[in-house]
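Data block below; observations after.
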Amino acid sequence: MKRYFIYLAYNGTDFCGWQSQPNGVSVQSTLENALATVLREPVAVTGAGRTDAGVHARSMAAHFDVPGGLPDTALLAEKLNRLLPQTIAIEKIVPVRADAHARFDATARTYRYYVTCKKDPFTFGNVLKIHGLYDFDAMNQAAAVLFGYTDFTSFSKLHTDVKTNNCRIMQAQWERQGDVWVFTIKADRFLRNMVRAVVGTLFEVGRGKLTLEGFRRVIEAKDRGRAGTSAPAHALYLAEVEYPPALFNVEG
């Protein structure tokens, strides 16, 4: 068996999320079906993580195995792009070590959330249109508070199967790009629904409904009920998944 990482982008609007579901079309199942069609055998794909329904990815990573290996990864990527719907695009396929794992070997993941105060027909459905005045300076001050904590139970979906709610935040900040404000958050791992819960709680700070001290108390409470409502999915993007370079040192 030869193992490969496949990097892809997708618009999550019409999908029930990354992970295969019994009653919905997922990105994972769509990709597996395309690979099975091209390679003429069943192919199981393991993603770097799961994105919720409606969430997008500019660069998702996943791994899959092929008996005997692939003679031409670029050709496979081209064939998949012809077969897949317009909402999924394959960036590249690269060989990795046999024990490389798209989920467990990831060292960092970066998400970005996009909001705008301006009505724009060209970003509608992919950027959140907010109403009223938001204090982005206060939101950045609150985002900086995240660096002082590791337990983010307050921002996690309830009843998940993870063993720990600890994460190491490496980046968290709002930046203005023209008419759009972009929140970038990077961590070694994320909990289910964590980014949208963080953004929704930062919105409370931006609207003056939650102070910096109040934001701290939300984190320290370790109670999802104390945090804000999750921000809508359609403006969230998985931007990058990072791995140790050694995974790509493959002989032959």
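- Evaluated for a side-chain contact (heavy atoms from CB on, under 4.5 Å) with Asn81, the options Leu8, Ile90, Ile88 yield exactly one hit, Ile90.
- Of the residues listed (Trp174, Phe203, Phe136), the one engaging Trp181 in a ring-ring contact (aromatic ring centres under 6.0 Å, His included) is Phe136, and it is the only one.
- Counting heavy atoms from C-beta on, the side chains of Gln28 and Ser20 come closer than 4.5 Å.
- Residue Phe155 holds its CZ atom at 11.0 Å from CG of Asn193, rounded to the nearest 0.5 Å.
- The minimum heavy-atom distance linking Ala106 with Val241 is given by the pair CB-CG1, 3.7 Å.
- Between Leu31 and Ile6 the shortest side-chain heavy-atom distance falls below 4.5 Å.
- Other residues, nucleotides and ligands place no more than 12 heavy atoms under 6.0 Å from the NZ atom of Lys222.
- For Asp137, the salt bridge (Lys or Arg N to Asp or Glu O under 4.0 Å) criterion is met by no residue, not counting sequence neighbours.
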Exercise for the section: Please test Leu76 against Leu35 for side chain to side chain contact (heavy atoms under 4.5 Å, CB included), starting from the C-alpha separation and ending with a verdict. Expected result: CA-CA 9 Å; Leu76 175 58; Leu35 278 166; 4.2 Å; yes
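- Closest non-hydrogen pair, Thr46 versus Ala102, comes out as O-CB, 3.5 Å.
- Enclosure of atom CZ in Phe147 by more than 12 non-hydrogen atoms of other residues, nucleotides or ligands within 6.0 angstrom is indicated.
- From Tyr4, atom OH reaches atom NE2 of His63 across 13.5 Å, with rounding to the nearest 0.5 Å.
- For the side-chain contact (heavy atoms from CB on, under 4.5 Å) criterion with Tyr114, the lone passing option out of Thr123, Val127, Leu236, Leu128 is Val127.
- In this structure, Asp105 CG and Glu242 CD are separated by 13.5 Å, a value rounded to the nearest 0.5 Å.
- Among residue pairs with one or both ends in residues 24-40, none qualify as salt bridge (charged side-chain N to carboxylate O under 4.0 Å, His left out); sequence neighbours excluded.
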Exercise for the section: Check the pair Thr30, Tyr10 against side chain to side chain contact (heavy atoms under 4.5 Å, CB included), reporting the backbone distance first and the verdict last. Expected result: CA-CA 11 Å; Thr30 303; Tyr10 54 85; over 6 Å; no
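- One finds the CG atom of Leu238 at 12.0 Å from the NE2 atom of His56 (value rounded to the nearest 0.5 Å).
- Other residues, nucleotides and ligands contribute only 12 or fewer heavy atoms inside 6.0 Å of the CD atom of Gln86.
- Here the OG1-CZ distance, from Thr107 to Arg168, works out to 9.0 Å after rounding to the nearest 0.5 Å.
- Ion pairing between Asp99 and Arg97 holds under the 4.0 Å rule for side-chain N and carboxylate O.
- Between the CZ atom in Arg217 and the OG atom in Ser154 there is a gap of 12.5 Å [rounded to 0.5 Å].
- Between Arg109 and Cys167 there is no side-chain heavy-atom pair separated by less than 4.5 Å.
- Residue Arg216 comes nearest to Val145 through the heavy atom pair CG-CG1, 3.6 Å, listed as atom of the first residue, atom of the second, then distance.
- Across all non-hydrogen atoms, the minimal contact from Thr73 to Leu70 is CG2-CD1, 4.1 Å.
- Contact check for Val55 versus Trp18: no side-chain heavy atoms found under the 4.5 Å cut-off.
- Side chain of Thr116 to backbone of Val180: no donor-acceptor contact under 3.5 angstrom is found.
- Across Ala100 and Leu247, no two heavy atoms sit closer than the pair CB-CD2, 4.0 Å.
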